[in-house]
K.L.:
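The following block contains the structure, expressed as structure tokens.
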Number of protein chains: 2
Amino acid sequence: MQYERASASERRYLPPAVAVSVVAFALRPPVDAERGGDAERGGDADTSDTPTIWIPLVRRTRAPFLGDWALPGGPTEWDETLADTALRTLRAAARREPGHLEQLYSFGGVERSAEAQRLVTIAYWALYGEHQLDAEPETSATPAPATAQQQRPRRWDDPLPPAPALAAPQHAIDERGLAQPAGENVAWFSVDRLPALAFDHAEIIDHALSRLRAKTEYAAVAYRFLGPEFTLSRLRAVTEAVLGESVDPANFRRQALARGGLVDTGKLESGGAHRPAKLYRFTEPS
Amino acid sequence: MQYERASASERRYLPPAVAVSVVAFALRPPVDAERGGDAERGGDADTSDTPTIWIPLVRRTRAPFLGDWALPGGPTEWDETLADTALRTLRAAARREPGHLEQLYSFGGVERSAEAQRLVTIAYWALYGEHQLDAEPETSATPAPATAQQQRPRRWDDPLPPAPALAAPQHAIDERGLAQPAGENVAWFSVDRLPALAFDHAEIIDHALSRLRAKTEYAAVAYRFLGPEFTLSRLRAVTEAVLGESVDPANFRRQALARGGLVDTGKLESGGAHRPAKLYRFTEPS
DNA sequence: GCAAAAGTGTTACCGGTACACCCATGG
DNA sequence: CCATGGGTGTACCGGTAACACTTTTGC
């Protein structure tokens with residue numbers, strides 16, 4: 001706060017600033033021509049329509065790294081836990097409540113920031129479920145705009161409303177934590193087509209991605225990308241998108257059910273030109 | 001530093017202090033009557049002489065938690081990385097260089113400390129190998145004291161020199177980072193017979209223990225408790241001590257060798273009333 | 001020779017993978 | 001009745017656990 005005036009020689013008398021950065025994953029169907037347009041389609045797993053992983057980034061409006069994109073985040077307030085800070089700054093940037101939040105790692109290198117004050121960053125990663133993305137952005141008290149392209153309840157594989165640039169004044173918080181008008185300064189990016197990133201945020205995103213992949217292999221995490229009820233195919237599609245490889249449907253079914261936590265709701269999802277699929281819920285086994 | 005004078009009302013104008021705490025594991029043979037003496041012998045795995053896990057703690061000499069024991073640690077200096085701080089404070093407390101250091105988790109709850117200033121702690125965990133424990137304590141420039149009980153080269157299952165209380169002035173650094181005479185204020189404790197702990201350090205130790213156990217199951221970590229050369233039995237004994245369960249020698253041998261990284265030195269370790277065992281080294285596969 | 005630990009071999013089992021096969025629905 | 005995805009059955013394969021067995025030392 002008042003440390004902006006600090007010269008490099010004063011640096012040793014200042015305690016390090018504590019900030020939080022959040023890598024918030026969400027899933028979108030593969031809409032090419034979203035930003036950066038076309039280019040090679042990943043090259044990842046299969047040619048099918050697996051969704052891709054997206055994260056929100058905030059454009060920096062001041063030096064250093066002016067114009068580059070950075071993770072949502074900011075310094076902790078005196079009465080916040082670290083998780084509180086992560087949630088607050090993520091809400092401010094994406095204007096949505098994440099479905100899961102978990103600490104990732106702390107970065108405390110001496111020369112992380114080009115600024116005078118030393119910066120220690122605790123990184124978090126978060127997940128957005130489809131229901132959180134569907135929900136109207138918070139903050140904007142204006143009721144449902146009901147624009148043409150968003151009439152019926154959004155289905156999982158509908159395109160996501162493009163990182164809403166709304167009329168109502170929103171705010172984002174940049175790395176130094178100074179609130180400022182954002183609006184156009186927040187955008188979602190596919191993790192395999194990221195822009196120039198500020199600080200060591202590329203490294204943090206890599207770290208978060210490998211953690212996400214590791215956890216989907218041994219823990220039940222993928223379901224958090226989905227709404228409260230889902231079919232096993234949807235869950236498998238999410239898993240394939242995260243792991244970047246295709247998974248045998250039959251074996252996935254058995255393993256997912258054997259791992260526990262999945263509850264048959266009794267309901268079915270019809271609509272496709274095929275046998276209707278059972279809908280499942282997830283209950284924490286703890 | 002100058003934040004000692006901060007009243008609770010000033011708190012919101014202060015940035016949080018950033019400190020590091022270190023859980024440093026070492027192995028000792030099961031010497032009962034070391035501190036707290038006797039009591040029930042664990043009840044863990046088997047009745048054999050598996051070693052036990054010990055950690056160094058520092059007695060607090062000021063409020064809060066005066067008289068309780070705390071993890072080695074202290075605030076980061078302006079020109080230190082977080083790992084630097086962990087190493088420095090651990091050296092100051094245990095006066096030995098650890099063989100492994102890894103970040104554990106960051107604790108940033110609002111009310112962690114009872115003091116005025118908010119405290120964010122980044123926890124690390126470290127491992128001491130037997131060769132690091134054998135080495136003469138650093139800092140003390142006095143050459144080998146060569147007291148009666150320490151003449152021949154120490155073997156792995158010899159009792160460890162009891163948390164040396166030396167003549168030379170040592171220093172430990174308490175949670176607030178103020179250097180002060182320590183000597184008797186550092187002691188090693190068995191993790192299943194810990195004293196009253198300051199702050200949330202009991203929780204941090206639990207966290208570190210489960211991480212240690214998890215890592216020994218899927219990664220090659222146990223060998224770091226040993227010296228540069230070791231037999232597979234010793235490695236197995238370490239693994240059993242960490243996991244708290246006995247392991248089949250035959251299968252352990254095959255799996256350890258299959259995992260890679262172990263190199264046959266060609267040497268043998270004779271001395272027991274049985275067939276001599278091959279000595280192995282470890283090479284990082286990276 | 002005997003005890004004790006090093007080291008090898010053998011077998012049963014279990015979880016994961018691959019893939020063939022039926023089921024139910026829309027068109 | 002055909003295409004499509006939902007859902008089930010099953011054979012195979014590799015890693016692990018269990019344990020019998022041989023080897024080499026000290027006493």
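Proteins get letters first, then strands, A, B, ... in listed order; numbering begins at 1 in each.
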K.L.:
Do I204(B) and L71(B) have side chains that get closer than 4.5 Å, going by heavy atoms?
P.N.:
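Touching, per the 4.5 Å side-chain cut-off.
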K.L.:
When you compare the protein's N or O atoms with those of nucleotides 23-26 of chain D, which come within less than 3.5 Å of each other, and at what distance?
P.N.:
residue	atom	partner	partner atom	Å
dT23(D)	O2	R275(B)	NH1	3.2
dT24(D)	O2	R275(B)	N	3.0
dT25(D)	O2	A273(B)	O	3.4
dT25(D)	O2	H274(B)	N	3.2

K.L.:
How many Å lie between CZ on R236(A) and P on dT17(C), as a whole number?
P.N.:
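After rounding, the reported distance stands at 14 Å.
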K.L.:
Whole angstrom is fine here: how far is it from CG in L235(B) over to C1' in dA5(C)?
P.N.:
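Rounded to whole Å, this separation is 16 Å.
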K.L.:
When you compare the side chains of H100(B) and E102(B), does any donor N or O come within less than 3.5 Å of an acceptor on the partner?
P.N.:
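On atom types as modelled, these side chains qualify, holding a pair under 3.5 Å.
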K.L.:
Quick one: does V242(A)'s side chain get under 4.5 Å of V221(A)'s, heavy atoms only?
P.N.:
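SC-SC contact between V242(A) and V221(A) ruled out.
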K.L.:
With sequence neighbours left out, which residue pairs that include part of residues 270-282 of chain B fulfil the side chain to side chain donor-acceptor pair (under 3.5 Å) condition?
P.N.:
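The answer is none; no pair qualifies.
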K.L.:
Tell me the interatomic distance from E217(A), atom CD, to dG16(C), atom C1', rounded to whole angstroms.
P.N.:
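Rounded to the whole Å, the gap is 13 Å.
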K.L.:
When the distance from NZ of K278(A) to P of dT25(C) is rounded to whole Å, what number comes out?
P.N.:
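Computing the K278(A):NZ to dT25(C):P distance gives 13 Å.
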K.L.:
Specify the separation, in whole Å, of atom CG of L262(B) and atom C1' of dG7(C).
P.N.:
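So the two atoms are 15 Å apart, to the nearest Å.
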K.L.:
Does Y223(A) have any ring-ring contact (aromatic ring centres under 6.0 Å, His included) partners at least two apart in sequence or in another chain, and if so, which?
P.N.:
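Partners of Y223(A) under the ring-ring contact (aromatic ring centres under 6.0 Å, His included) test: F282(A).
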K.L.:
Not counting sequence neighbours, which residues clear salt bridge (Lys or Arg N to Asp or Glu O under 4.0 Å) with R211(B)? List them please.
P.N.:
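Result, salt bridge (Lys or Arg N to Asp or Glu O under 4.0 Å) vs R211(B): none returned.
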K.L.:
Not counting sequence neighbours, which residues clear ring-ring contact (aromatic ring centres under 6.0 Å, His included) with Y128(B)? List them please.
P.N.:
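Scan of Y128(B) (ring-ring contact (aromatic ring centres under 6.0 Å, His included), adjacent residues dropped) gives W188(B).
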K.L.:
Just the atom pairs and distances: protein N or O near nucleotides 16-18 of chain D's N or O, under 3.5 Å.
P.N.:
residue	atom	partner	partner atom	Å
dA17(D)	OP2	Q255(B)	NE2	3.1
dA18(D)	N7	N251(B)	ND2	2.9
dA18(D)	N6	N251(B)	OD1	3.2
dA18(D)	N6	R254(B)	NH2	3.2

K.L.:
Let me know the distance between CD of E245(A) and P of dG16(C), rounded to the nearest Å.
P.N.:
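The distance from CD of E245(A) to P of dG16(C) comes to 15 Å, rounded to the nearest Å.
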K.L.:
Give a yes or no on whether the backbone of V247(A) and the side-chain of E240(A) come within a donor-acceptor separation of less than 3.5 Å.
P.N.:
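Yes.
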K.L.:
To the nearest Å, how far apart are F252(A) CZ and dA18(C) C1'?
P.N.:
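It works out to 17 Å between those atoms.
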